[in-house]
Amino acid sequence: PVAKPVAKPVAKPVAKPVVFKHNFNLNIFSDILVLHTGEKDNALAHIKIWYPYFVESGVNFIILTRFIEAYNEVVKEYPEANVVFAKNKKETDMLFDSFVSIKACFYPSNTGKNSHLLYQTHIKHIFIGHGDSDKMSSIRKYFRVYDENWVAGDAHIDRFKNAGFSQNRLKHIKVGRPTLKEIVHVATNSWQTRFKDKYNVLYLSTWEGTLKEQDYSSLEIIQDNLCFIKNIENVSISIKSHPFSGNREIEFKSFENILSKNEFLKIHSRLEPLKEHIINSNIFICDISGVVSECLAANAPIFLYIPKHKEITIAKSNMPYEEYCYIYSTPEELKEKITAVLNGDDYLAENRLKAIDYIIGLEETKNNN
């Protein structure tokens, strides 16, 4: 009889460990903080907002990424940083098992992967965000999973108060907006004379949103808006669109190619940092998004698109947009209001100063809280 071959035992796959940056350097005997991003395409942009201030504060911290693409981008941008890639809950658990002195985790955005860390009930979970706006995403009940919500100013706290739901002991802590400190300093000069009576218009369109209630975008009328304001005297126009533009409406994926045919228009890359463009501008056209508060720091007129034909739901602070922004819904109305302001009728100037403190947290920002 022929002997039957003995089946070789199949080796079980060995779980790959979390990936640490090659020159990982950390004091494991001191308290450690984690700066977590569950984003893939926008991870580096969110880390950039906070990384310099974590370094400046002298804390012992790890940047935790959840996609290998994000890991590679962060390592390339900050080769000196302690960066980790952990793709799932099992690997995040391994990270916490490796560093028992982790005391808190900071979250710049709400993503599904945040939940993997929330199993670590012995540490503090803190949301720090990547902007400030009246979008409904600013006041979701999901925020109650955190111990603390670090906000720029009183506006964000009031949004939660006005939302009408229990916050389950969620603490709100005002820390200002450190990224706006340089812009606030520039804003001490009058916007009219900042560029020798020239008006640099910065158009900041937002994307069309994941859901219909989040569609605050003016992309569908942007061509008409530009045509109506391009001939205003002493005005130059530049535009920077949201990196997600076209995610839901495919025709906006590369609409800059169409806009580039306008010789009067300067187009900035979607991925460029916004701060320098705000500093170099003194008129702003915005959609409802976090850029409104960033432009507000420059203390110059803001023209905000709020369409009449869309049913838009926003989070409500105690200072609505119309108290410090010039609201428009059509290209004709935009031109009319810009012309009036440039002719000296900037009647919201005093309210802008109040809004800067209320929304941004002026003293906290200046004091580097």
Residues passing the side chain to side chain contact (heavy atoms under 4.5 Å, CB included) test with Asp147, sequence neighbours excluded, are Lys124, His125
Between Tyr347 and Tyr326, is the gap from one ring center to the other below 6.0 Å? yes
Residues at least two apart in sequence or cross-chain that pass side chain to side chain contact (heavy atoms under 4.5 Å, CB included) with Thr65, listed by chain then number, are Thr37, Ile63, Ala70, Tyr71, Val74, Val83, Phe85
Please report the interatomic distance CG(Asn262) to CG(Leu226), rounded to the nearest 0.5 Å. 6.5 Å
Value for OG (Ser329) from CD1 (Ile306), rounded to nearest 0.5 Å, stands at 9.5 Å
Can a salt bridge be assigned to the pair Asp154 and Lys161 using a cut-off of 4.0 Å between side-chain N and carboxylate O? no
If you measure from CG on Leu334 to CG on Asp224, what distance do you get to the nearest 0.5 Å? 11.0 Å
Report yes or no: is the cationic atom of Lys89 (NZ for Lys, CZ for Arg) closer than 6.0 Å to the six-membered ring centre of Tyr119, at no more than 45° off its axis? yes
With sequence neighbours left out, the residues meeting side chain to side chain contact (heavy atoms under 4.5 Å, CB included) with Lys198 are Phe195
Which of parallel (below 30°), tilted (30 to 60°) and perpendicular (above 60°) describes Tyr328 and Tyr305? tilted
Roughly how far, to the nearest 0.5 Å, is OG of Ser241 from CD of Glu256? 3.5 Å
Distance col, row Leu64:CG vs Thr92:OG1, nearest 0.5 angstrom, shows 7.5 Å
Ion pair check, Lys240 and Glu272, cut-off under 4.0 Å: no
Got a second to check how far Tyr107's OH is from Phe143's CZ, nearest 0.5 Å? 13.0 Å
